[in-house]
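Down below is the structure, laid out as structure tokens.
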Amino acid sequence: MMSESSRPAVAIDRQYAPDQTLDPAQVGVLQREWARRVVEEPLAAPPTLIAGSDVHMRDDRALATVVVLRFPELEVVETVQGEAALRFPYVPGLLSWRELPALLDALGRLTVRPDLLLADGQGLAHPRGFGLACHLGLATGLPTLGCAKSILRGDHPPLAEERGAREPLIYRGRVVGAALRTKDRVKPLYVSVGHRITLDEAVDYVLRSCTKYRLPEPNRLAHATAQARGTRILVAVASPVHPCPKRDATMKWSSRSPSSAGFGKAAAGPGLV
DNA sequence: GCGACAG
DNA sequence: ATCTTGTCGC
């Protein structure tokens, strides 16, 4: 058989693949530009398939996992994995440049198309309005939302202790997201628009995806799978240990790069050349 | 200058 | 995120 070239469930727009050679200042400029392309609008229809993603770091490698669940049943429909070499340091505000390669690798392997993707990080609640969730949205064209475990930027009024309690996340006088209690008396999650969704919908779907745990099921399962794979506690019946070729650790830009100001220190920390 | 800083 | 065991609490 042939010619029945069924296109991938999720097409990756390579124009948004992170250019790993850019320095922080250049990335910042790109983020501001791309932030203008983010669309904040109501979902076209209630989602039937929702996905959650997570990335596990291990030995200079980023292992991504995406789990798709049927909604609102929350039954697993598909699980895919992706991988990429870590060629970018962790810099607050530039997370997508570090994690997107592995995530796109995984997303490109999906055989079903999610109606919504819950990313583990910020969406619009970002210094330049372009967190990981927004980046994933533009790269896949899918509706996305950011679901972070801690705040990157912004503040919010005290939150009631009951599950469902919600307060706006404010940054520079703007509502960039929402603090959401997904479980009684447990630290809240920070939800924000990623792409093609409204904040109210994002909050609604995150809450409806949380059953007995703090994190939404898609993300919780993706995290467990990614972590297990990274720690090698999964039954690797037919798959040998991943080859680990030699690679130099050029994980930091010139320590005197004038354009690096204002982006915080690199993961390697100060003092390293 | 100092503090903050998704994963 | 990662390095890492047990432990206090519902």
Does [X] place a side-chain N or O at less than 4.0 Å from the phosphate oxygens OP1/OP2 of [N]?
X: A/R128; N: B/dA6; answer: no
X: A/K149; N: B/dG7; answer: yes
X: A/S150; N: B/dG7; answer: yes

Touch class at under 4.0 angstrom, heavy-atom based, for A/G146 against every strand present: nothing
Sugar-phosphate, base or nothing in reach of A/H56, heavy atoms under 4.0 Å: sugar-phosphate
May I have the distance from [X] (atom [atom1]) to [N] (atom [atom2]), rounded to whole angstrom?
X: A/M57; N: B/dA6; atom1: CE; atom2: P; result: 12 Å
X: A/N219; N: B/dA6; atom1: CG; atom2: P; result: 17 Å
X: A/E99; N: C/dA1; atom1: CD; atom2: P; result: 9 Å
X: A/R98; N: C/dT2; atom1: CZ; atom2: P; result: 10 Å
X: A/R61; N: C/dT2; atom1: CZ; atom2: C1'; result: 17 Å
X: A/L94; N: B/dC5; atom1: CG; atom2: P; result: 16 Å
X: A/D60; N: C/dA1; atom1: CG; atom2: C1'; result: 13 Å
X: A/L100; N: B/dG7; atom1: CG; atom2: P; result: 16 Å

Smallest separation among heavy atoms of A/L180 and A/R166, with atom names: CD1-CB, 4.2 Å
Heavy-atom closest contact (A/K149 atom, A/R214 atom, distance): O-NH2, 3.1 Å
Test: A/R98 cationic atom under 6.0 Å from A/Y90 six-membered ring centre, within 45° of axis: no
B/dA6 pyrimidine/purine six-ring stacking with A/Y190, under 5.5 Å and 30°: no
A/T198/A/D200 under side chain to side chain donor-acceptor pair (under 3.5 Å): CA gap, chis, key distance, verdict: CA-CA 5 Å; A/T198 64; A/D200 283 345; 5.7 Å; no
A/R70 CZ: over 12 foreign heavy atoms closer than 6.0 Å: no
